[in-house]
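Report on one structure; see the data block that follows.
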Amino acid sequence: MREEQVVEISGETRPRTFAGDRTTGKSRHALILQGDTRFRFRKAISGLMAAIVAACTVFGVAILWIILGYVLVRGLPALDLAFFTERPMPYGEVGGGVAPAILGSLYLIAVACAIGLPLAVMTAIYLSEYAHGRFGDAVRFVIDLLAGLPSIVVGVFVWTLIVINTGSFSGLAGAVALAIIMIPIVARTVEAILNLVPNSMREASLALGVPTWKTIIRVVLPAAKSGIITGVVLAMARAGGETAPLLMTTLGNQFFNFDLMQPMAALPVQIYNYAVAPYADWHTKAWGSALVLITLIGLLSLLTRWAVRSQKLVES
Amino acid sequence: MSQQTIEQTTTEAGDSPAAGMEVRNLSAYYGNFLAVKDVSMPIERGKVTALIGPSGCGKSTFIRCLNRLHELNRGARVTGQALLEDQDIYASNVDPVQVRRVIGMVFQKPNPFPMMSIYDNVVAGIKLNNARKSRSELDEIVERSLQGAALWDEVKDKLDHSGASLSGGQQQRLCIARTIAVEPEVVLMDEPCSALDPIATFKIEELIAELKERYTIALVTHNMQQAARVSDYTAFLLSGEERYGRLVEYGPTEQIFTRPQEAETEAYITGKFG
Amino acid sequence: MQQTEPVRGPSRIRLDVDASGRGDRIFEGATKAAAWAILGLLGIIIILLIFESRNIFGHQGIGQFLFTTTWDPVFLEFGVFAFIYGTVASSLIGLLLATPVAVGAAVYIVEYAPSWLRNPVSFTVELLAAIPSIIYGLWAVFILGPVMRFHVEPFLQTYFGPIPIVGGLFEGTPIGRDILTAGVILAIMILPTIMAISREVLTQVPDTQREGMHSLGATKWEVIRGAVLPYARAGIAGAAILGLARAIGETMAVTMVIGNASTSITGSLFEPGYTMASAIANQFREADSQVYLSAIVAIALVLLLIATIINILARILIHTLVGRHNSSTRIG
């Protein structure tokens with residue numbers, strides 16, 4: 001302890017009423033407001049840790065921009081008109097585009113929505129409006145487990161259920177797999193949103209003699225519309241990026257195909273096929289497809305935000 | 001505690017060794033909102049100074065300025081001076097962390113560290129300041145502090161239990177033990193009994209009377225009877241139409257409660273508002 | 001409240017319960033059916049996977065399937081232990097690398113960041129979770145892999161290789177497509193999961209805990225280490241375990257960089273490996289016999305069981321914290 005840092009407040013010594021004395025013979029009034037060497041060490045540690053946790057944050061933010069930056073820089077050269085309008089060239093040939101994959105992805109997501117959304121939204125309505133007690137808790141628990149299911153497991157399930165039984169990879173199988181992935185996401189977010197609708201709105205409608213089911217459809221769901229859209233888009237964005245389950249179900253396709261019983265192209269699968277092939281041109285196309293995929297996902301969320309915002313403006 | 005005992009302890013505590021404080025023109029802000037305006041008053045050494053006033057009068061904010069805890073809130077700042085003996089704790093060369101080491105605080109709601117044992121709760125502050133203490137030294141500090149907080153007999157057989165396993169009143173005394181373990185000069189208490197039942201409250205009040213033998217105490221309370229029972233000096237704060245809190249009157253507790261100088265003080269202690 | 005006083009003339013008030021009651025019953029029934037369908041979905045997934053893996057367990061028994069490392073479709077020997085090892089090794093590397101960084105970022109956001117910076121920063125880090133797995137894979141194949149091969153792995157080998165025991169982790173030729181690279185990409189992928197939940201958990205820590213530590217004369221870091229992190233311990237463990245669950249089930253990114261070559265366990269992180277998920281993704285098209293096909297379904301079954309157990313565990317841990325008492329805010 002360096003003497004000049006010690007500020008003596010008072011020379012008095014305190015009478016000892018407690019058992020035993022302190023280790024140092026120093027006056028208990030030695031009041032160190034600026035701190036001794038050990039205190040400066042503690043301050044230094046504190047500052048160092050602040051710098052370290054700040055660096056962790058910088059890393060998290062930087063890694064996002066690094067990955068997005070690579071996708072942009074390496075993907076842009078691949079983009080031309082043909083990329084969006086033509087189908088992929090045969091193995092090893094230069095040129096062509098990913099139009100079937102873009103359309104295939106959109107088509108698969110649309111069909112997955114048609115299969116999964118009614119089930120998910122109805123379940124959310126049940127949980128929020130009707131379920132009390134154990135059955136509701138059981139359903140919520142199962143939804144959590146479904147959400148935690150590795151997507152490859154969903155892929156294996158649909159593969160054994162549909163692909164093996166029908167003897168063919170198909171767009172339908174892919175859409176079912178995506179639907180199973182979307183259902184827990186939509187059900188969870190929509191239930192959370194419906195729970196936020198104030199009860200007074202329900203009561204106001206019920207007091208007018210409107211039956212419960214009409215109240216839910218005409219009052220509760222419209223009030224929660226923006227939240228429901230957000231939840232659905234979240235699920236669509238997630239499904240749009242899924243690769244493993246699609247690989248096992250739709251397989252991918254070099255040609256335009258809208259027959260649900262045939263293999264169908266999808267953007268993530270196309271990226272995979274391009275990336276693992278040994279051709280530089282295909283690698284460029286993989287980056288280009290990645291750029292398109294990220295842009296689609298980003299656009300989807302932006303459009304929703306915009307739609308949700310303008311709807312709120314109308315309401316208010 | 002009767003009126004007589006108060007006066008007795010007052011005279012006895014006169015030669016207490018703890019450092020006193022002197023607040024000069026202290027104002028506290030949350031962002032641009034002025035919460036406490038221009039308070040000047042002493043915190044007499046070795047005495048209990050009670051801060052009373054209706055809720056929202058800024059008494060909690062004020063006491064949190066006395067160990068520089070207020071400035072931890074986002075956007076919060078303090079102007080003016082608070083002297084500990086002759087040293088301004090707001091001086092530029094003073095580190096707030098060291099201020100809090102010397103001016104401890106007990107909170108409204110007991111806040112023992114639930115993941116630590118009773119023993120570790122008591123030595124938590126010691127370990128920060130002095131890493132290399134022998135086990136026997138620590139044992140001694142734990143016993144001394146828990147005895148000082150009148151908790152030793154109740155917990156001496158379960159020092160390894162979690163601090164959260166105690167009752168509310170015991171938790172609060174554990175927090176007091178934790179505070180006095182680092183041997184501060186001043187102990188600030190922010191409504192320490194508001195979450196406790198009457199029996200636990202009585203024990204804390206008894207303890208306060210003992211603690212002032214060794215420490216300077218500032219006590220925020222909304223309970224006027226409590227202020228009258230345990231304090232030597234009382235400050236009455238009020239936020240009127242201006243919305244910021246200000247010091248209306250300060251004086252010996254007996255005087256504030258029997259012969260208040262200000263009409264507002266009289267109105268408050270006679271229960272006309274608040 | 002409806003008044004039921006008699007009205008003159010034919011009543012216009014309809015108290016006909018059936019008119020609205022039937023609609024309500026149908027609607028409630030329909031929504032309840034949907035809820036049942038979801039329960040049924042999980043049931044069917046589990047039952048079908050068990051049913052379709054019956055051939056492999058009949059063929060060689062559960063013990064040989066789980067605990068041997070020979071995976072030879074030609075001779076119909078299917079032991080997945082090497083896949084389990086690859087899964088656990090790469091996921092643990094991911095967890096060990098990601099958790100400190102994720103918790104550090106969460107601590108920065110909750111304890112240090114000025115309020116205007118909080119939301120943009122946590123939003124940006126959480127965007128990492130929105131990037132599809134295939135794009136991580138693409139980036140890992142062309143950017144991360146070469147960096148690991150030419151810079152990180154030779155460095156590790158030079159400086160840690162000679163150390164006994166530890167050196168064993170860094171044996172072999174650095175190729176950049178191995179368990180270590182898979183672990184690194186997994187770390188990046190689970191970073192946002194662990195960060196987001198840890199941040200949530202840290203904001204649940206009552207301010208009274210921080211103030212209590214501050215009032216003992218603790219520095220900012222001592223407050224965090226002594227009061228905040230211990231209080232949030234269970235929740236942070238839950239966050240890490242949820243991250244682990246995500247890592248274990250992750251397929252594409254791992255498949256693209258883990259090498260998919262070895263079925264032996266050498267202990268070196270520079271060894272190409274297989275995870276359970278990447279084994280499925282690589283081999284499902286080659287399943288030309290009932291037993292082979294059944295073996296692949298059985299891997300998925302094991303994966304499902306592990307993921308489910310881990311998810312339940314994580315939820316219990318996170319719950320213990322959130323269920324506890326909350327902070328009281330103060331107004332003087």
Side-chain angles (χ1 to χ4, degrees), chain A residues 42-43 45-46 49-50 52-54 56-57 59-61 63-64 67 70-71 119 122-123 125-127 130-131 138-139 142-146 148-153 156-157 159-161 180 183 187 211-214 237 241 243-244 247-248 268 271-272 275-276 283 286-287 290 293-294 297, chain C residues 20 23-24 27-28 30-32 34-35 37-39 41-42 45 48-49 52 101 104-105 107-109 112 121 124-125 127-128 130-135 137-139 141-143 188 191 195 219-222 245 248-249 251-252 256 277 280-281 284 293 296-297 300 303-304 307-308 311 315:
Chain A
R42 289 169 53 207
K43 289 293 282 186
I45 293 285
S46 187
M49 291 312 297
I52 288 175
V53 296
C56 289
T57 315
F59 176 83
V61 172
I63 198 79
L64 175 80
I67 292 173
Y70 269 110
V71 171
L119 198 59
M122 291 291 269
T123 305
I125 291 173
Y126 175 75
L127 290 176
Y130 295 108
V139 175
V142 165
I143 288 173
D144 277 353
L145 291 187
L146 279 176
L149 222 51
S151 61
I152 187 83
V153 173
V156 171
F157 167 69
W159 177 61
T160 50
L161 182 73
I180 294 175
I183 283 171
T212 312
W213 68 277
K214 270 191 185 160
T243 315
L247 202 60
M248 298 193 72
I271 297 174
Y272 178 67
V276 296
H283 294 167
W287 286 105
L293 180 61
I294 283 196
I297 291 175
Chain C
S20 64
D24 274 344
F27 189 73
E28 183 176 353
T31 60
K32 193 165 188 177
I38 296 217
L39 289 187
L41 178 61
L42 184 66
I45 291 176
L48 187 75
L49 292 187
E52 291 290 340
V101 178
V107 165
Y108 176 79
I109 289 166
Y112 290 95
V121 165
T124 309
V125 179
L127 268 186
L128 278 172
I131 295 181
S133 152
I134 183 72
I135 289 176
L138 183 70
W139 185 78
V141 165
F142 293 110
I143 313 298
I188 296 173
L191 185 71
M195 197 280 297
T219 62
K220 178 100 179 173
W221 171 247
E222 286 162 348
I248 283 175
T251 312
M252 293 320 292
M256 291 165 84
I280 297 172
F284 73 95
L293 191 149
I296 285 174
V297 178
L303 205 49
L304 178 145
T308 304
N311 267 303
R315 263 161 239 285

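Quick note on labels: first sequence line is chain A, next is B, and so on, each numbered from 1.
Scanning for side chain to side chain contact (heavy atoms under 4.5 Å, CB included) contacts around A:Ala275 gives A:Ala286, C:Leu138, C:Phe142, C:Met256, with sequence neighbours left out.
Note: A:Ser46 leads A:Ala290, A:Pro150, A:Gly241, A:Ser46 in heavy-atom pairs under 4.5 Å with chain C. When each of C:Val297, C:Val107, C:Ile296, C:Leu48 is checked for heavy-atom pairs under 4.5 Å with chain A, C:Leu48 comes out on top. Among the candidates C:Thr251, C:Leu303, C:Ile188, the residue making the largest number of heavy-atom pairs closer than 4.5 Å to chain A is C:Thr251. The most heavy-atom pairs under 4.5 Å with chain C, out of A:Ile271, A:Leu149, A:Leu293, A:Ile67, come from A:Ile67. When each of A:Thr212, A:Leu64, A:Val71, A:Val142 is scored by its heavy-atom pairs under 4.5 Å with chain C, the top score falls to A:Leu64. When C:Gly104, C:Ala37, C:Gly137 are compared by the number of non-hydrogen pairs under 4.5 Å with chain A, C:Gly104 comes out ahead. Considering only heavy-atom pairs separated by less than 4.5 Å from chain A, the leading option among C:Leu304, C:Val121, C:Val141, C:Ile109 is C:Leu304. In terms of heavy-atom pairs under 4.5 angstrom with chain A, the leader among C:Ile135, C:Val125, C:Asn311 is C:Ile135. The candidate with the highest count of non-hydrogen atom pairs below 4.5 Å against chain A, out of C:Glu28, C:Arg315, C:Glu52, is C:Glu28.
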Open item on the list: Is there a side-chain contact (heavy atoms from CB on, under 4.5 Å) between A:Thr57 and C:Tyr112? Walk through the geometry before answering.
Closed with: CA-CA 11 Å; A:Thr57 315; C:Tyr112 290 95; over 6 Å; no
Open item on the list: Between A:Trp287 and C:Trp139, is the side-chain contact (heavy atoms from CB on, under 4.5 Å) condition met? List the steps.
Closed with: CA-CA 9 Å; A:Trp287 286 105; C:Trp139 185 78; 4.2 Å; yes
- [ ] Go through A:Ile45 and C:Trp221 one step at a time and tell me if the side-chain contact (heavy atoms from CB on, under 4.5 Å) criterion holds.
- [x] CA-CA 8 Å; A:Ile45 293 285; C:Trp221 171 247; 4.0 Å; yes
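Heavy-atom contacts from other residues, nucleotides or ligands closer than 6.0 Å to OH of A:Tyr70 number 12 or fewer.
With a threshold of 4.5 angstrom between heavy atoms, A:Leu145 approaches chain C through side-chain atoms but not through N, CA, C or O. Using a 4.5 Å cut-off between heavy atoms, A:Ile52 does not touch chain C at all. Looking at C:Ala245, there are no atoms closer than 4.5 Å to chain A (heavy atoms on both sides), in backbone or side chain.
Here the options are C:Ile38, C:Leu39, C:Leu41, C:Leu42, the test is side chain to side chain contact (heavy atoms under 4.5 Å, CB included), and the partner is A:Ile143; only C:Ile38 passes.
A pairwise comparison of heavy atoms in C:Phe27 and A:Ile125 identifies CE2-CG2, 4.0 Å as the closest pair. In plain terms, the two heavy atoms of C:Ala105 and A:Cys56 that are nearest each other are N-CB, 3.6 Å. In plain terms, the two heavy atoms of A:Ile297 and C:Pro132 that are nearest each other are CD1-CG, 3.6 Å. Minimum interatomic distance between A:Val139 and C:Ala35 (heavy atoms only, all atoms of both residues): CG2-CB, 4.1 Å.
Atom CZ of A:Phe59 sits about 7.0 Å away from atom CG of C:Leu191, to the nearest 0.5 Å. To the nearest 0.5 angstrom, C:Leu293 atom CG is 8.0 Å from A:Thr160 atom OG1. Remark: A:Ile152 CD1 to C:Ile248 CD1 distance equals 15.0 Å, nearest 0.5 Å. Distance check: A:Ile63 CD1 to C:Thr124 OG1 gives 14.0 Å after rounding to the nearest 0.5 Å. Put simply, CD1 on A:Ile294 and CG on C:Leu127 are 10.0 Å apart, with the number rounded to the nearest 0.5 Å. How far CG of C:Asp24 is from OH of A:Tyr130: 5.5 Å, rounded to the nearest 0.5 Å.
When atom types are taken as modelled, the side chain of C:Thr219 and the backbone of A:Lys43 share no donor-acceptor pair closer than 3.5 angstrom.
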